[in-house]
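Okay, structure first, notes after.
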Amino acid sequence: MPSRYAPRLHPVVRRHGLRAFGLLVVIALFAVVLPRIADYSAVWDVLSRLTWRDAAVLTGVAVLNIVTFGPPWMAALPGLRLRSSLTVSLASTAISNVAPGGDAVGLAMTFAMLRGWGFDRARTTLALVVFTVWNQLVNVFFPVLAIVLLSAEGQRNALLQLAATIGGVALVLVLTAFAVALRSESGARRVGELAQRLSARGLRLARRPPLDGVAEAIVRFRADSLDLVRRRWPALTLTTLAGHLTVWLVLVASLRVVGVHAGQVSLVESFAAWALVRLLTAVPITPGGLGIVELGLTGTLVGFGGGQEQVVAAVLLYRSLTFLPPIPLGLLTALTFRRAHPNATDERRAGDLAAR
């Protein structure tokens, strides 16, 4: 008997509907919406005026961004080396940028690679959970910080204020739940039971079956993560912040080399636009937010005072430098990660010692 939670959709629609919708969104945004903001020929004129010095600056910040991919994984999984952390992060990013499942597929790839190197299932799962939690906390923290910085400059942005309010409430709730769960086993169980009830309501609306064992899973997570979080939270926090902020640095460099100066879009305004778009694209409508990020950044930066052609040129530069390079690098590392790391057993043993 078919489940009453199953959506009544044709199998082909269920399998390819989201992918087709995402492709249509990307085509519409690049072929219809962005050209109405700035003509592509004018954008090309802006890009054609870039100098070798501009190219060197952009290359430097792009490389710095890629280098900061790995350290958060090193903090979440003691014993993981820089080379290996860069391998898994590049592979995960590449898969996230091209696969319809986005970050979920990328994390699955990371799990498979770490297990292939010999890291045990428990520590690998814990690393993925802690890494994901820290990234989401940073994603909701940045819009709150942005609205504070804008307010200090005497500026207001209605959309950013709304996002910051939602993000601030979410941040407080998550941090409170996190603190309660880590403080005691009974607290972890209460948080798990609440999460299970809330998720059941959402899944009921989506006509999906409820999840079982959420409370027990959170209790187990507390027991496994308590020591790691207590010892590694400074490293987790600093490396995660660095990994995110170097992405913003690429945007700043892209704006400046095309001629969008601080009098048009300040550092705070660029940070606010970037933070807002990252929060709005937390739900992956298209792989890597392709199209959505470009439109959101363009609209916000133009609203702050940037010229249309220059802003579109900067946004396309920024996306080319952050979206494209990890794809070939990541796919290559995903295909060759076993041969590239013959000392995986030694690495796992180093991780076991570091975890003790």
Side-chain angles (χ1 to χ4, degrees), residues 29-30 33-68 97 138-139 142-143 145-157 159-160 163-164 241-281 288-326:
L29 291 175
F30 281 102
V33 180
L34 279 179
R36 293 190 177 187
I37 299 175
D39 185 80
Y40 282 149
S41 61
V43 172
W44 176 250
D45 288 340
V46 173
L47 294 174
S48 64
R49 292 195 291 269
L50 296 180
T51 66
W52 286 106
R53 180 182 176 185
D54 296 331
V57 170
L58 292 171
T59 302
V61 293
V63 171
L64 177 63
N65 174 42
I66 290 176
V67 170
T68 59
N97 284 349
V138 168
N139 271 335
F142 279 152
L145 176 61
I147 200 64
V148 171
L149 295 174
L150 281 178
S151 299
E153 290 190 345
Q155 298 190 53
R156 295 174 63 87
N157 183 289
L159 183 57
L160 185 61
L241 287 172
H244 285 255
L245 290 175
T246 55
V247 183
W248 168 63
L249 186 61
V250 177
L251 174 62
V252 174
S254 300
L255 287 168
R256 297 301 181 249
V257 299
V258 301
V260 181
H261 55 76
Q264 295 173 297
V265 177
S266 67
L267 287 176
V268 170
E269 288 168 338
S270 68
F271 176 76
W274 173 80
L276 171 64
V277 170
R278 285 177 73 87
L279 184 62
L280 295 180
T281 55
L290 190 62
I292 308 295
V293 171
E294 288 79 359
L295 180 61
L297 276 177
T298 299
T300 309
L301 292 169
V302 169
F304 278 131
Q308 292 175 315
E309 289 81 9
Q310 288 81 8
V311 164
V312 172
V315 169
L316 293 179
L317 265 179
Y318 159 74
R319 287 292 277 168
S320 297
L321 293 169
T322 55
F323 182 85
L324 295 178

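The structure presented is a predicted model; accordingly, all values stated were derived computationally and were not measured. Heavy-atom basis, side chains included; hydrogens, waters and symmetry copies ignored. Numbers here simply count residues along the sequence, with the first being 1.
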Would you sort out whether Asp45 and Ser48 count as a side-chain hydrogen bond (donor to acceptor under 3.5 Å, both in side chains), showing the intermediate values?
CA-CA 5 Å; Asp45 288 340; Ser48 64; 4.6 Å; no
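- Between the Thr246 side chain and the Leu249 main chain, no donor and acceptor come within less than 3.5 Å of each other.
- Across Gly296 and Val277, no two heavy atoms sit closer than the pair C-CG2, 3.6 Å.
- Atoms CD and CD1, from Glu309 and Ile37 in turn, are 11.0 Å apart once rounded to the nearest 0.5 Å.
- Side-chain contact between Val260 and Leu301: absent, with no pair of heavy atoms (C-beta onward) separated by less than 4.5 Å.
- Between Trp274 and Trp248, the ring-plane angle classifies as tilted under the 30° and 60° cut-offs.
- Looking at Gln310 and Gln264, their side chains never come closer than 4.5 Å, going by heavy atoms from C-beta outward.
- Across all their heavy atoms, Val258 and Ala313 have their closest contact at CG1-CB, 4.3 Å.
- Residues Trp44 and Leu316 are not in side-chain contact: their nearest non-hydrogen atoms beyond the backbone lie 4.5 Å or more apart.
- The minimum heavy-atom distance between Arg278 and Val247, with the atom names listed, is NH1-CG1, 3.9 Å.
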Checking Leu295 against Thr298 for the side chain to side chain contact (heavy atoms under 4.5 Å, CB included) test, could you report, in this order, the C-alpha distance in whole Å, the side-chain angles of both residues, the deciding distance, and whether it holds?
CA-CA 5 Å; Leu295 180 61; Thr298 299; 5.5 Å; no
Let me see the working for Val257 and Leu317 under side chain to side chain contact (heavy atoms under 4.5 Å, CB included), right down to the final yes or no.
CA-CA 10 Å; Val257 299; Leu317 265 179; 4.1 Å; yes
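- Counting all heavy atoms, side chain and backbone alike, Ala314 lies closest to Ser254 at O-CB, 3.4 Å.
- Contact between Val265 and Gly305 at its shortest, heavy atoms only, is CG2-C, 4.5 Å.
- Side-chain atoms of Leu241 and Phe142, non-hydrogen and from C-beta on, do get closer than 4.5 Å to each other.
- Here the shortest heavy-atom pairing between Gly243 and Asn65 reads O-OD1, 4.1 Å.
- Looking at heavy atoms from C-beta onward, Leu251 lies in side-chain contact with Leu297 at the 4.5 angstrom threshold.
- In this structure the side chain of Val268 never reaches within 4.5 angstrom of the side chain of Phe304, judged on heavy atoms.
- Contact annotation: the side chain of Glu269 never approaches that of Thr300 to less than 4.5 Å [non-hydrogen atoms, C-beta and beyond].
- Under the 4.5 Å side-chain criterion, counting only non-hydrogen atoms from C-beta, Tyr318 is not in contact with Val252.
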